[in-house]
Amino acid sequence: MSPSELSPLLESGGIQSGSWLHRVLHRFKAEGEPSWLSSYKFFFFSSWLNILLVFVPLSVLSHNLQWDAALRFTFSFVAIVPLAKLLGDATEQLSFKFGQTLSGLLNATFGNAVEIIVGIAALLHGELRIVQSSMLGSILSNILLVLGCSFLAGGFIHEEGSFNSSGAQASASLMTLSCITLVIPAAYASTTEAGIPNLPCDISYDAGGCPSSGLLTISRGTAVLLLFVYAAYLLFQLRTHPQFFHQDGEDEETEPRMSTVAAGSALLLVTVVTAVCAEYLVASIEETASRYNISKAFIGVILLPIVGNAAEHVTSVWMAMKNKYALTIGICVGSSIQIATFVVPLLVIVGWCIGQPLTLHFENFETIVLFVSVLLTSLLIMDGKSNYMEGMMLTTLYIVIALAFWVND
C-alpha cells in the first residue's frame, strides 16, 4: 500500500508505544501471576501470627496519647513480631522472580530488616548502647537459643541429625572472624594509651561516650572490610561453592503465592510501618527501664532480639523436627553471620554518616560472652552432626547469659 498523508512517519511507532504500555499494564494487572486480591489475601491471612497486627494501631495510639511507658513498649514490641514475619514473607515471594544471586542479595538486605530498622531508630535517638546490645543479642539468640531449641526439638524425634560439615565449618570460621574483629577494638581501648576515651567527656555512656580517634578509625575501617568479606561470602555460598550449603532432599518446589508488584508494594508498606513501630519502641525504652527498674542491657540483649527473630525461631525448630538440619543451620548461623558481618558494619557506617560515634568496642563482658558462645557453637557444628544433648548445652549457656544480663546494671 502506498503511503498517504494519514500514514505515520514511523510504521512501528504505534506498535512500540503500545507494546511498552502493554508491558506496564501486564505487570500491574499481574497477568499470568496471582491476582492482587489473592496476593494480599495470602499475605495477611496465611498465618495465625498476623492476628497480632492489632497491636500496630494500639502502638500508634499509645504513643500519641502518651499512655504509660510499659504499655507503649509492650504494644510496639508485640506489633513488630508479625511485621517481621510479613517482611520475611514479602521478601521470599519477591525472590521467586529473581535469579539465585539477586535473591541472595535481596535476602541479605531484608532478611534482617527489623534489626536494621530498630538499629537506625536507636542511632537517631542517640541510644548507641542499645544498638550494640541488640545486635549482640540477635547473634546470641540465633546461635544459642534458636539453634539450641532446634537441636533439642529435632533430637527428641531423630536420634541424630546431619548436615554438610564443610559448609558448617566455613560458617563457623566466618563467625570466629567476626568475633575477633570485636575483640581487637576492646583490646585496643583497654590496653593502649591511644585507645583511652577522650576525657573530660560531656556525652553519656549510653550515647556512646567520647571514643578516641584511633578507636573510631579501627571500627570504621573494620566495618568496611567486613562488608567486603560478607560480599565474598555471598559469592562463595551462592555461586562458587553452593554444594557446601546444600543437603539432598531439602529442595521443595514452591509456586509463588503473590505477584511481583504486589510483593514489592507489600514489602515497601510493611517496611514503613515497621519503621514507625520501631521508632515508638526505641522512644519508650529509656522510661520503661528507669520506671520499672529493668536493665537496659537485658532489654537490648534478651528482649529486643525476640522481636525480629520470632518467626525465624519457629521456622528453624520446625525444620529440625522435619530432619532438615541444613536449613536450620542456614537460618540460625546464616542469620548471625548477616548481623555480624553486614548489619553491624552497616550501622557503624550509618552512624559515621549522621555523626553518631558508634564503634565496634563492646564492653569486655559482652566481648567475652560472644567469644565463648561462638566457640561452643563452632565446636558443636563442625562435625556435621547434631543431637538433643548439644541442644541442651546451647540453651543452658543462653539461660546463664540471660541471668547475667538481668542483674547487669
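Here the structure is a predicted model, which is why all the values come from computation and not from measurement.
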[Y] side chain reached by [X] side chain, heavy atoms, under 4.5 Å:
| X | Y | answer |
| --- | --- | --- |
| V407 | L403 | no |
| K296 | E127 | yes |
| T176 | S378 | yes |
| M393 | L379 | no |
| S373 | Y398 | no |
| F73 | I299 | yes |
| F42 | Q93 | yes |
| N142 | I339 | yes |

Test side chain to side chain contact (heavy atoms under 4.5 Å, CB included) on E363 and Q132; report intermediate values, then the result.
CA-CA 10 Å; E363 287 187 352; Q132 290 183 322; over 6 Å; no
Under 3.5 Å: donor-acceptor pair, side chain of [X], backbone of [Y]:
| X | Y | answer |
| --- | --- | --- |
| R72 | Y280 | no |
| T377 | V374 | no |
| S134 | V131 | yes |
| N387 | E390 | yes |

When you check the side-chain N and O atoms of [X] and [Y], is any donor under 3.5 Å from an acceptor?
| X | Y | value |
| --- | --- | --- |
| Y188 | S219 | no |
| S150 | S316 | yes |
| E279 | H125 | yes |

Just how far is it from atom [atom1] of [X] to atom [atom2] of [Y], taken to the nearest 0.5 Å?
| X | Y | atom1 | atom2 | answer |
| --- | --- | --- | --- | --- |
| I120 | I354 | CD1 | CD1 | 8.0 Å |
| N164 | I381 | CG | CD1 | 11.5 Å |
| L360 | M135 | CG | CE | 12.5 Å |
| L147 | T328 | CG | OG1 | 8.0 Å |
| L86 | T271 | CG | OG1 | 10.5 Å |

Tell me which one of I117, V114, I306 satisfies side-chain contact (heavy atoms from CB on, under 4.5 Å) with I80.
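Filter result, single survivor: V114.
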Around atom [atom1] of [X], are there more than 12 heavy atoms from other residues, nucleotides or ligands closer than 6.0 Å?
| X | atom1 | result |
| --- | --- | --- |
| Y292 | OH | yes |
| E159 | CD | no |
| F371 | CZ | no |
| Y388 | OH | no |

Aromatic rings [X] and [Y]: how do their planes relate, parallel, tilted or perpendicular, breaks at 30° and 60°?
| X | Y | result |
| --- | --- | --- |
| F43 | Y40 | perpendicular |
| F298 | W406 | perpendicular |
| F75 | F55 | tilted |
| Y325 | H158 | perpendicular |

